[in-house]
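Have a look at the structure below before the remarks.
Just so we're clear, the structure is a prediction, and the values are computed from it rather than from any experiment. All chains are named by letter (A, B, ...) in the order of the sequence lines, taking the proteins before the strands, and each is independently numbered beginning at 1.
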Protein chains: 2
Amino acid sequence: MGIRKSTLEEVAAAAGVSKMTASRALRGAPDVSPETRQRVLNATEQLGYVGNRLALSLSSRKTNLVAVVVPSMSNIVFPEVLAGISAGLEGSGMQAVFGLSDYDAGKERDVIRDMLSWRPSAIIVTGLDQPEDTVKMLRSADIPVIQIMDLDGTPIDFNVGLSHGKAGEEMARALIAAGRRRFGYIGSALERDLRAAKRRAGFERVLHENRLAFIGQRLGDTLSSVGLGKHLTHELLRAEPNLDCIYYSNDDMAVGGAFASVEAFRSDDILMAGFNGLELAAALPVRIATSRSPRRLIGEVAARLACDPIASNASSSSKITAFVPEITGVV
Amino acid sequence: MGIRKSTLEEVAAAAGVSKMTASRALRGAPDVSPETRQRVLNATEQLGYVGNRLALSLSSRKTNLVAVVVPSMSNIVFPEVLAGISAGLEGSGMQAVFGLSDYDAGKERDVIRDMLSWRPSAIIVTGLDQPEDTVKMLRSADIPVIQIMDLDGTPIDFNVGLSHGKAGEEMARALIAAGRRRFGYIGSALERDLRAAKRRAGFERVLHENRLAFIGQRLGDTLSSVGLGKHLTHELLRAEPNLDCIYYSNDDMAVGGAFASVEAFRSDDILMAGFNGLELAAALPVRIATSRSPRRLIGEVAARLACDPIASNASSSSKITAFVPEITGVV
DNA sequence: ATGAAAGCGCTAACAG
DNA sequence: CTGTTAGCGCTTTCAT
C-alpha cells in the first residue's frame with residue numbers, strides 16, 4: 001500500500017529514453033546531453049517522481065543510513081545529542097535512524113539487530129557497556145561502530161565522549177577544595193544509568209581519599225526528574241539537616257534539589273552539585289554546581305566519523321575522542 | 001561497505017533446503033516441518049545471519065516504516081512526542097524514522113521528500129501549515145498522512161492534536177476570571193513557531209472581548225529558552241512594573257519568567273502563565289499557570305493510526321482526534 | 001552519449 | 001510440506 005508510485009522506467013518512457021539514461025540524468029552524470037537531461041527532468045516533474053531508495057540501496061549496496069541508539073528521550077540530554085548528529089550529518093547525504101533502548105540491555109540488543117537489518121553505513125550507540133552478544137553482533141556487522149558519551153571501558157571501534165568516573169572525581173575535588181565537607185548523595189536507577197553510577201563511584205573515590213564519605217543518601221527507583229530530585233532532597237534534608245553539599249546523579253535531580261533548598265530556606269548554606277550543564281541550570285535563581293558535558297558536540301563528532309571514518313580518523317590518528325567537562329558554580 | 005553479510009541463500013544452503021523454505025522457516029510460517037525449521041534456525045545462528053530489510057521491503061512492497069517530521073529537538077516537548085510514537089509503535093513491527101525541520105518550511109519539504117523516498121507506510125508531520133507544494137507531495141505519496149499537535153487549519157488526512165487558538169483563549173478567560181487585568185506578553189520567533197503565534201492570537205482575542213489589551217510585551221528572536229524568558233521578563237518588569245500577569249509563548253519561557261519574578265521579589269504579586277505543562281513547572285518553588293498539552297498521548301495516538309489507519313479510523317469514525325488541554329495553576 | 005543484460009536479496013504466486 | 005519461476009526498482013558492467 002502506498003508503495004506504488006511512478007518508477008524510473010515510466011520517467012524514462014515519458015522522456016523517450018532508456019532507464020539508464022534517465023538514471024544518469026537524474027544523478028547528474030557528466031555524460032548526458034543537456035537536452036536529454038532536460039527532457040528527463042521535465043518528465044520527473046510531470047510525474048511527481050520520487051526515487052525509490054530501497055531499490056537504489058539494494059542495487060548499489062550502500063544505504064547512506066546511520067543507525068543511532070540512545071537510551072531515552074525523556075531527558076533533554078539525548079535529544080540534544082541527536083540534534084548534534086543531525087547537524088553533523090547535514091549536507092553529507094546521510095540519514096539518521098533512531099532507536100530507543102529505555103536503558104535496557106535486552107531491548108538495546110533487539111533494537112540494534114533491527115537497525116542492522118537496514119544495512120546502515122555506520123552505527124552510533126550510547127555507552128561502552130553492551131553485553132557480549134550485542135558486541136558480537138556489532139562487530140560482525142562489519143561497519144564503523146561509534147560508541148558515544150562514555151569513555152570508561154573498552155571501545156569496539158570508535159569512541160567519542162568523556163570519562164564519567166573522572167567527572168565525578170573532579171567534581172569531588174573541586175567541592176572539597178572549596179571547603180565542602182558534609183556530603184550527601186541523591187540519585188536514581190543507578191543500576192540502569194551506568195554513567196551516573198560511574199560518576200558516583202568516582203566522586204566517592206575522592207571522598208575516601210580525603211577520609212570523607214557520604215553522610216546520607218537517597219536513591220529513587222524511577223528515572224531521574226526534577227520532581228523526584230526535589231522530593232528526595234526534602235527527605236534527605238530532614239534526615240540529615242547538617243549537610244553542606246549534595247551530589248546528584250544529574251542536573252535534573254540537582255535542579256529539583258535547588259528548588260527544595262529554596263523551599264526549606266537552606267539555599268545559602270548548602271550547595272547542590274549535578275552533571276550536564278543544562279541551559280536551565282544556568283538560569284536558576286540559586287546557584288548550583290555542575291560539569292558541562294559537550295553533548296551536542298559529541299553528536300556532531302560522531303556524525304562526522306559516521307560519514308567518513310577514514311578521513312576523520314586519519315586526521316586525529318586515534319579512534320578515541322576525549323572531552324573534559326568544565327566545572328562551574330562551585331563555591 | 002559493510003553491506004556484505006550472509007544471505008538467505010547461504011543460510012538455505014547450510015541448512016540443505018531451498019531459499020523459500022528458509023524464508024518460511026524464519027518468518028514462522030505454519031507449513032514447515034519442525035526439524036527443517038530447526039536446521040534453518042541453527043544455520044542462521046551459525047552464520048550470524050541478519051535479514052536484509054531492503055530486499056524484504058522491495059520484494060514485498062511494504063516497508064513497515066513510519067516517517068516522522070518534527071521541528072526541533074531542543075525543547076523537551078518534541079522528544080516526548082517521539083517517545084510516545086515509539087511506544088505506540090512497540091510490538092507492531094513498525095519502525096519510526098525521524099527528521100528535523102528546524103521550524104523551516106523549505107527544510108521541511110526537503111526532509112519530507114527524502115523520507116518519502118524510503119517509501120514509508122505512513123507519515124507523521126507536525127502542524128497544519130505546510131505550504132502548497134509540500135501538501136501536494138504528501139498527497140501524492142498515497143499513504144496515510146497524520147498531522148499532529150495543531151488542529152487549527154485544514155488537515156490533509158488524519159489530524160491529532162489540540163486547538164492552540166482555543167488554548168490561548170481559555171487561558172485568557174481563566175486568568176481574567178481569577179481577577180488578573182494588567183497583562184504582558186513574552187515570546188520569541190513567533191513567525192516560525194506558528195502554534196505559539198496562534199495561542200497568542202487566541203489570548204489577545206479574549207483580552208479584546210473584555211476591553212483589555214497587552215500593556216507591554218517583549219519578543220525575542222532566538223528560539224525559546226528558560227534563559228531568554230528570564231532575560232526578557234527582567235526587561236519587561238523594568239519597563240512595566242505594574243503588570244499583574246505575563247503570558248508566555250510556552251513553559252520554558254514562563255519558567256524563566258518565574259525565576260525572574262523570584263529575583264525581583266515579585267513572585268507574590270504577579271502570575272506567570274505558559275503552555276505545555278512541563279514536569280519541571282510542577283516542581284517549581286513558585287506557582288505558574290499552564291495548559292497541559294497531552295503530547296506523549298498525541299504521539300501514541302498518531303502511531304496507532306500509522307499502524308492501522310483503517311481500524312483506528314473505523315472505531316473513531318472521524319479522522320480528527322481532538323484534545324483539550326487542562327489549565328492548572330491559575331490564581 | 002546511450003542502451004541491454006544481469007543481478008542486488010528477498011517474497012509472491014504457483015506448482016508439486 | 002517444499003521447490004520453481006518471476007519479479008520488486010534500481011545500478012553495475014559491458015557494449016555500441
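By the salt bridge (charged side-chain N to carboxylate O under 4.0 Å, His left out) test, A:D104 pairs with no residue at all, sequence neighbours left out. Considering only residues two or more places apart in sequence or on other chains, B:D129 meets the salt bridge (charged side-chain N to carboxylate O under 4.0 Å, His left out) condition with B:K198. Applying the side-chain contact (heavy atoms from CB on, under 4.5 Å) rule to A:N75 yields the partners A:V77, A:S224, A:N250, A:D252; only residues at least two apart in sequence or on another chain are considered. Take A:E80 and apply the salt bridge (charged side-chain N to carboxylate O under 4.0 Å, His left out) test, not counting sequence neighbours, and it matches A:R295. Residues forming a side-chain contact (heavy atoms from CB on, under 4.5 Å) with A:P155 (at least two apart in sequence, or on another chain): A:L128, A:Q147, A:N159, A:I320. Applying the side-chain contact (heavy atoms from CB on, under 4.5 Å) rule to B:D193 yields the partners B:Y103, B:R195, B:A196; only residues at least two apart in sequence or on another chain are considered.
Between the CZ atom of A:R61 and the C1' atom of D:dT11 there is a distance of 11 Å, rounded to whole Å. Separating the CD atom of B:E10 from the P atom of C:dC8 is a distance of 11 Å, rounded to the nearest angstrom.
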5' to 3', nucleotides 10-16 of chain C under a 4.0 Å protein heavy-atom cut-off (B base, S sugar-phosphate only, - none) gives BBBBB--
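Of the possible polar contacts, none joining the A:T134 side chain to the A:Q130 backbone as a donor-acceptor pair under 3.5 Å is found.
Applying the salt bridge (Lys or Arg N to Asp or Glu O under 4.0 Å) rule to pairs touching residues 38-54 of chain A yields A:R53-B:D114, sequence neighbours excluded. Legend: side-chain hydrogen bond (donor to acceptor under 3.5 Å, both in side chains) pairs involving residues 22-32 of chain B, not counting sequence neighbours, sorted by first then second residue: B:S23-B:R27. For residues 81-95 of chain A, every residue pair satisfying the salt bridge (Lys or Arg N to Asp or Glu O under 4.0 Å) rule, not counting sequence neighbours, is listed here: A:E90-B:K107.
Using a 4.0 Å cutoff on non-hydrogen atoms, no part of residues 28-37 of chain A comes near DNA chain D.
Axis orientation changes by 30° from one end of the helix from C:dA1-D:dT16 to C:dG16-D:dC1 to the other, with each end axis drawn from 5 pairs and the value rounded to 10°.
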